[in-house]
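Owing to the predicted nature of the structure, the values given are computational and were not obtained by experimental measurement. Just follow the structure's listing: the first ligand is 1, and inside any ligand the first atom is 1.
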Amino acid sequence: MSTHSVEDIKHESHRLRGSLLESLADPVTGALREDDQTLIKYHGSYQQDQRDFRDERRAAKLEPAYSFMIRTRTPGGVVTPQQWLQLDAIATTYAERGLRITTRQAFQLHGVIKSELKATMQAINAALIDTLAACGDVNRNVAVAANPQLSAAHAALHAQAAALSEHLLPNTRAYYEIWLDEERVASSGEEAEPIYGARYLPRKFKIGFAIPPYNDVDVFAQDLGFIAILDERGSVLGYNVTVGGGMGATHGDPETYPRLGSVIGFVAPDQVIAIAEAIVTTQRDYGNRDVRKRARLKYTIDDRGLDWFKLEIERRAGFSLPPARPFVFEHNGDRFGWSEGEDGRAHLTLRIPAGRIVDGALDGRGDAVRHLSGLRAIARLLLEDDRDDRAEFRMTPNQNLVIAGIAPELRARVDALIAEFGLDGYRAASPLRRNALACVAFPTCGLAMAEAERYLPDLISKVEALLARHGIADAPIHLRISGCPNGCSRPYLGEIALVGKAPGRYNLMLGADHRGQRLNTLYRDNIAETDILSALDPLFADYAGERTQDEGFGDFLVRRGVVAIPERDVRRAIPIEHAPIEHALIEHVPTEALT
Ligand code: SRM
Ligand code: SF4
């Protein structure tokens, strides 16, 4: 690693330019200079190396197999069928392992080599998608509820999120100069960064918009969350604001911890940008720049107090926040299958295991799938037919995919394609499998301590067998696995979670709800698969016999005192008087229980 601190690197980078051009042009190595490895993150890319090959390469006295991960900035995860085809072609040409949908509704490409990085970036931009600020100490991809049914509310939130994402982009032209050959204006000096300043933020910053009753964005895991409050016809009245959510922690360091966002009040739609800017600049000025592990907004708030924080952001925004409005969350998963939007269009939510879209992967039942080819065929069909340009591909924050806005008369043809290409796995999959999340981990993630994405199908099969033995194969339990405690699959919000500690060893965490409102807690430390299954076995037996109707597994464990969750790790809904707006489901996915 660099001997320079990240704060110094940012400050001395000439607005994120560093020596990236020189690093990219150096043919001797597949890597970048050390400081540039930090700076490239702000351009949406990470230098990585293939960890499966490390020993072999070392033995052969070769440098590690360096390559780059590229992450898109796609607010709300929406792309057109045309863009889908372009991304597919880019992944097929330049990347390994297809397209990867992330837990923040972005695409990741893995395995792009340095000499092809610029061409890949240019191809992404030619598809009218960029990667600016997808990583780094800035505002990241803004997540939006994927809700396919409330079409008008989704459109309003998506527009709001896209505008906010634009507003919070860094001002520097570095991205355009390095990747898109924009000429640098010699006399212009360094650009002003009115929102970020010369050192950008102390740490990454994340924003998500939720539409109750679904909490698919896990709004309480965001640094800044907006919970949409709709009127009875589905129009957006405004948003409850949540601050200070975050998942990341470090094993054995009690100074670091996951934290749920605190609900601090309500804003009207036209106040969203002002309050977001006030929060971002407060974090810029007061976030911890000495200790990176303590630099997220959650620690700024805990160190200085929520009351202080609220007063400070109100002062900066120039208005005060009235009390939060009633809201209720029912679920933080996705609703699979066909549904109908209020606009009469059809929407299809597909399960994409761990978000990895490839041909030939296993779907957990040993079947080869052709997801990349299948989605290509669907995109082509939609393009052929898209008379009114309304169909879109919408990634969900649970790594799944909604094909939204399909003309109803195309349903049968889309259904035929999902069957042909094995994209209909959601119909037969258990609720456990459908709802499971796994972060990337090995072989690309440099921070992984244990497997996650690659282990998920096998792990699920074993947990499914255990559930079946107790006669509860259809239990809609949310299981999440991360290869380390950073929490990229938001594991601390899983009813069951495995958090990697070492190869084959995990912390077993239990007791979150399935609404994203309660964190789980450590149940067993540093155990291997056999012990994980043995620990779950008696709990499943009890759950099978003693659960109340519709009681979730996490709720059951808390009620029975198997785990105790402190009140600070719980966020309560504010009861609403009228029933939440009903959603029209036109496909009943067997065994899915929405609790
Ligand atoms: Fe993450 C770092 C992957 C969502 C918390 N995350 C990483 C890196 C870049 C590893 C690294 O720093 O070298 C991983 C790249 C792996 C790879 O090979 O692709 C990585 N994070 C991911 C993705 C792809 C996981 C996935 O399986 O989908 C998600 C990409 C999101 C996106 O599109 O922007 C991803 N990461 C998250 C989330 C979930 C979320 O945002 O909703 C979290 C927890 C929420 C939070 O931020 O608190 C998360 N990632 C982290 C952290 C811990 C941050 C902290 O506060 O401590 C790190 C490590 C770090 O920043 O130092 C990290
Ligand atoms: Fe990598 Fe850890 Fe994030 Fe998994 S949780 S992708 S192992 S940083």
Side-chain angles (χ1 to χ4, degrees), residues 1 6 37-38 41 44-51 67-75 77 95-97 100-111 131 133-143 202-208 216-223 225 244-251 253 256-261 292-299 332 352 354-356 395-400 437-456 480-493 497-501 516:
M1 264 318 285
V6 175
Q37 292 171 27
T38 295
K41 296 178 187 177
S45 178
Y46 269 71
Q47 179 178 309
Q48 302 183 317
D49 74 285
Q50 227 293 2
R51 296 185 62 180
S67 66
F68 292 80
M69 173 270 271
I70 300 178
R71 186 184 286 167
T72 61
R73 180 180 68 92
T74 33
E96 290 171 356
R97 304 173 75 212
R100 174 63 156 64
I101 298 176
T102 74
T103 49
R104 297 196 67 74
Q105 299 171 295
F107 289 101
Q108 279 191 186
L109 306 176
H110 288 103
T131 65
C135 317
D137 295 342
V138 281
N139 175 52
R140 303 291 191 87
N141 200 40
V142 180
R203 206 69 167 84
K204 57 176 71 167
F205 190 89
K206 298 181 173 180
I207 301 177
D216 53 353
V217 298
D218 275 332
V219 73
F220 297 109
Q222 313 286 332
D223 293 279
M247 295 278 100
T250 304
H251 285 312
D253 181 354
T256 66
Y257 44 83
R259 181 188 189 280
L260 295 181
R292 270 184 81 72
K293 276 185 183 175
R294 292 270 309 166
R296 292 293 292 270
L297 179 67
K298 59 185 174 182
Y299 303 119
N332 61 352
I352 307 292
R356 181 74 63 185
M395 293 169 271
T396 84
N398 289 311
Q399 304 170 323
N400 295 312
L437 292 186
C439 74
V440 179
F442 286 99
T444 50
C445 178
L447 306 177
M449 300 170 175
E451 295 281 354
E453 181 184 323
R454 296 196 293 196
Y455 174 41
L456 183 71
R480 297 178 173 187
I481 175 168
S482 277
C484 83
N486 283 316
C488 299
S489 56
R490 299 186 290 271
Y492 309 109
L493 286 165
L498 269 57
V499 176
K501 227 170 166 191

task: Using atom types as modelled and distance alone, determine if a side-chain donor or acceptor of Arg97 lies under 3.5 Å from a backbone N or O of Gly111.
output: no
- prompt: Is there a donor-acceptor contact under 3.5 Å from the side chain of Thr38 to the main chain of Val6?
  reply: no
- request: Could you grab the protein N, O or S atoms closer than 2.8 Å to atom 3 (Fe) of ligand 2 for me?
  value: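 As for protein N, O or S atoms lying under 2.8 Å from atom 3 (Fe) of ligand 2, they are Cys488 SG.
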statement: The answer, listing residues by chain and number that come under 4.0 Å of ligand 1 through any heavy atom, is Tyr46, Gln48, Met69, Arg71, Arg100, Thr102, Thr103, Arg104, Ala106, Gln108, His110, Arg203, Lys204, Lys206, Gly246, Met247, Gly248, Arg296, Gln399, Ala438, Cys439, Val440, Thr444, Cys445, Leu447, Asn486, Gly487, Cys488, Arg490
Please table the atom pairs, donor to acceptor, closer than 3.5 Å between any side-chain atom in residues 444-452 and protein atoms at least two apart or in another chain.
unit_1	atom_1	unit_2	atom_2	d
Glu451	OE1	Arg454	NE	3.0
Glu451	OE2	Arg454	NH2	2.8

field: Nearest-0.5 Å distance that lies between atom CZ in Arg73 and atom CZ in Arg104
entry: 13.5 Å
message: Please report the interatomic distance NZ(Lys501) to NE2(His251), rounded to the nearest 0.5 Å.
response: 5.5 Å
- request: For Lys206, check salt bridge (Lys or Arg N to Asp or Glu O under 4.0 Å) against everything at least two apart and list the hits.
  value: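 For Lys206, no residue satisfies salt bridge (Lys or Arg N to Asp or Glu O under 4.0 Å) once neighbours in sequence are set aside.
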message: I'd like to know if Asp137 and Arg292 make a salt bridge, using a cut-off of under 4.0 Å between side-chain N and carboxylate O.
response: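 Yes, Asp137 and Arg292 are salt-bridged.
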field: Criterion salt bridge (charged side-chain N to carboxylate O under 4.0 Å, His left out) against Asp223, the qualifying member of Arg203, Lys204, Arg296
entry: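 So the option named by the test is Arg296.
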field: Reference residue Phe107; test side chain to side chain contact (heavy atoms under 4.5 Å, CB included); the match among Arg100, Arg71, Met395
entry: Met395
